Amino acid sequence: MTSLEIVRRRPEHDAELFALYAEVFGGGNLERSRKRYDWQYFENPNTPEDGPVIWMAREGDLLLGQMATMPFPMWWGDREVRASAGNDYFVRKSVQGRGIGIALSNRWADEVDVALALGLTPSSYPLFRKLFTDVGPVPSFLKILDSTAVARKKWGPLAGTLAGPILGLGLSLVSGNPVRTVGLDVRPVEGFSDEYDELWLRARASYATCVRRDAAYLRWKYLACPFRSYRVLEARTAGTLSGYAVIREEGDPAFRRGVIADLFCDTTDSATQDALIAAALADFSGKGLVRAEVYCLNRRLGKALKRHGFRSGTTAVQYCVACRGTPDGSFGPKTVLNDLANWNLFLGDGDLDRA
């Protein structure tokens with residue numbers, strides 16, 4: 001494709017971009033897409049001053065596809081690097097199979113230190129696993145809170161009502177004992193204070209990789225989100241902020257589920273992890289939710305979840321990463337990629353928790 005160009009979006013391209021959005025996703029979703037577009041690409045505190053970083057594939061006057069990216073600083077090895085997550089990748093059906101996705105992905109990955117392809121669809125996963133390093137799928141953890149509701153969904157109202165208590169007894173026998181923490185205070189809060197900047201600086205080096213979680217990012221990601229309603233639980237140890245959890249709920253009225261979308265503290269601080277998990281479960285149980293769900297990539301946190309009775313589940317959340325801009329040596333991609341168990345990745349990262 002000798003006439004193919006990969007160019008960065010400019011304001012005059014917006015009408016053309018949204019016409020393609022309507023063609024790909026349907027005109028009925030255009031207003032919702034525009035609202036999310038403004039939040040995701042213009043309100044992001046890490047968006048460059050000259051506007052969103054959206055790569056467009058063009059052939060002459062025709063727009064063939066796009067790769068929109070969500071930029072953020074990321075802790076990688078022993079320092080912060082320029083990273084971004086790829087979102088809203090699509091190519092016109094009429095030109096698929098012509099290498100346009102490869103050209104878009106390569107241009108994106110070449111412009112940052114680390115490129116994250118999160119929550120890949122079955123159609124896009126084969127492309128990215130060829131170009132990037134495949135580190136997925138992201139592990140999931142599930143805990144049943146209402147065994148009767150689960151049994152009714154699985155076996156019907158009558159059989160489920162009878163089987164529910166038996167299922168609950170079986171789960172209690174295989175679940176771990178409740179973990180109690182002393183000296184920690186966990187309570188709901190309305191926002192993220194400037195103390196979260198200090199928490200980020202204290203805790204970031206305990207991870208091999210982690211998206212920067214400072215106050216500005218958290219306010220935008222969870223409090224200003226136009227399509228999700230989140231709640232924040234804050235943990236303090238002897239009065240000092242030691243961690244937080246971001247939770248929400250979803251599902252049909254008869255089968256509401258609780259989701260821990262983010263949980264952050266020093267990864268070696270098991271007491272704060274236990275306190276936040278216990279508080280989230282208490283919140284979910286108090287609201288009569290049926291099940292708790294967590295999607296995360298960190299072995300220590302996975303062990304903490306299992307201490308609270310979570311079981312490993314199945315997931316289709318695929319994750320690929322390109323680290324072309326990182327230098328060699330102890331900070332290099334091989335060292336970081338070999339420490340996958342100490343990465344921090346949650347459902348709240350990137351564009352994974354989309355409604």
Side-chain angles (χ1 to χ4, degrees), residues 6 46 53-55 57 65-91 97 99-141 204-213 262 267 294-302 312 314-354:
I6 306 297
N46 299 304
V53 183
I54 300 174
W55 298 106
Q66 73 154 38
M67 172 70 75
T69 69
M70 180 191 298
F72 41 69
M74 186 175 191
W75 184 256
W76 184 271
D78 65 354
R79 70 195 73 181
E80 288 193 9
V81 299
R82 298 177 306 114
S84 64
N87 313 312
D88 296 331
Y89 157 68
F90 51 82
V91 174
I100 297 169
I102 293 175
L104 283 166
S105 301
N106 281 330
R107 180 59 183 273
W108 160 43
D110 287 341
E111 296 289 334
V112 292
D113 298 324
V114 176
L116 309 178
L118 307 172
L120 297 170
T121 64
S123 60
S124 62
Y125 176 53
L127 167 66
F128 285 100
R129 69 180 301 180
K130 291 179 182 178
L131 302 176
F132 291 16
T133 299
D134 187 0
V135 296
V138 178
S140 68
F141 300 88
R204 64 185 183 178
S206 67
Y207 297 93
T209 70
C210 185
V211 174
R212 184 203 282 175
R213 283 157 158 76
D262 195 4
T267 189
V294 186
Y295 299 82
C296 70
L297 189 66
N298 185 270
R299 184 175 296 171
R300 289 192 182 97
L301 185 56
S312 297
T314 58
T315 175
V317 183
Q318 299 292 346
Y319 179 19
C320 296
V321 59
C323 36
R324 301 176 185 176
T326 57
D328 295 331
S330 62
F331 167 58
K334 290 184 178 179
T335 300
V336 174
L337 291 173
N338 288 340
D339 195 15
L340 189 62
N342 200 32
W343 287 32
N344 189 48
L345 176 73
F346 254 91
L347 189 64
D349 285 309
D351 194 31
L352 290 176
D353 201 23
R354 181 187 296 197

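Just so you know, residue 1 is the first one in the sequence shown, and it goes up from there. Model, not experiment: these values are computed from the prediction.
Side-chain atoms of Q66 do not come within 3.5 Å of backbone N or O of I54 as any donor-acceptor pair. With hydrogens and angles ignored, the 3.5 Å screen pairs a side-chain donor or acceptor of N342 with a backbone N or O of S206.
Residue pairs that meet the salt bridge (charged side-chain N to carboxylate O under 4.0 Å, His left out) test with at least one member in residues 340-350, sequence neighbours left out, are R213-D349.
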Side chain to side chain contact (heavy atoms under 4.5 Å, CB included) between L337 and V321, worked out: CA-CA 10 Å; L337 291 173; V321 59; 4.0 Å; yes
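When the ring pair (Phe, Tyr, Trp, His ring centres under 6.0 Å) test is applied to W108, the partners found at least two apart in sequence or on another chain are F132. With sequence neighbours excluded, the residues satisfying salt bridge (charged side-chain N to carboxylate O under 4.0 Å, His left out) with R82 are D113. In terms of the side-chain hydrogen bond (donor to acceptor under 3.5 Å, both in side chains) criterion, N87 has no residue partners (sequence neighbours excluded). Applying the salt bridge (charged side-chain N to carboxylate O under 4.0 Å, His left out) rule to R107 yields the partners E111; only residues at least two apart in sequence or on another chain are considered. Listed by chain and number, the residues in a salt bridge (charged side-chain N to carboxylate O under 4.0 Å, His left out) with R212 are E80, D214 (sequence neighbours excluded).
The two residues P73 and N46 have their closest heavy-atom pair at CD-OD1, 3.4 Å. In terms of heavy-atom proximity, L118 sits nearest to G350 at CD1-CA, 3.7 Å. Closest non-hydrogen pair, V91 versus G101, comes out as CG2-N, 4.4 Å.
Ring-centre distance between W76 and W343: below the 6.0 Å cut-off.
Defined by atom type and a distance below 3.5 Å, a donor-acceptor pair is present between the side-chain atoms of N298 and T267.
Between the CZ atom in F141 and the OG atom in S312 there is a gap of 5.0 Å [rounded to 0.5 Å]. Annotation: the span from L345 atom CG to T209 atom OG1 amounts to 7.5 Å, rounded to 0.5 Å. With rounding to the nearest 0.5 Å, the separation of SG in C296 from CG in L301 is 4.5 Å. How far OG1 of T315 is from OH of Y295: 6.0 Å, rounded to the nearest 0.5 Å. Of the inter-residue distances, the one linking R204 atom CZ with N344 atom CG reads 14.0 Å to the nearest 0.5 angstrom. Taking CD1 of I6 as the reference point, atom CE of M67 lies at 10.0 Å (rounded to 0.5 Å).
Side-chain atoms of Y89 and L104, non-hydrogen and from C-beta on, do get closer than 4.5 Å to each other. Proximity of P139 to L297: side-chain heavy atoms (C-beta onward) are separated by under 4.5 Å at one or more points. Looking at S84 and V53, their side chains never come closer than 4.5 Å, going by heavy atoms from C-beta outward. Looking only at side-chain heavy atoms (C-beta outward), D353 and D262 stay at 4.5 Å or farther from each other. When side chains are defined from C-beta on, V317 does not count as touching Y319, because their heavy atoms never get closer than 4.5 Å. A 4.5 Å side-chain heavy-atom check between L116 and M70 finds every atom pair outside the cut-off.
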Which atom pairs, one a donor and one an acceptor, fall under 3.5 Å between side chains of residues 121-128 and the rest of the protein, sequence neighbours left out?
| unit_1 | atom_1 | unit_2 | atom_2 | d |
| --- | --- | --- | --- | --- |
| T121 | OG1 | S123 | OG | 3.1 |
| T121 | OG1 | S124 | N | 3.2 |
| T121 | OG1 | S124 | OG | 2.9 |
| S124 | OG | T121 | N | 3.1 |
| S124 | OG | T121 | O | 3.3 |
| Y125 | OH | D134 | OD2 | 2.4 |

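Of the residues L131, L120, T133, the one that meets the side chain to side chain contact (heavy atoms under 4.5 Å, CB included) test with C320 is L120.
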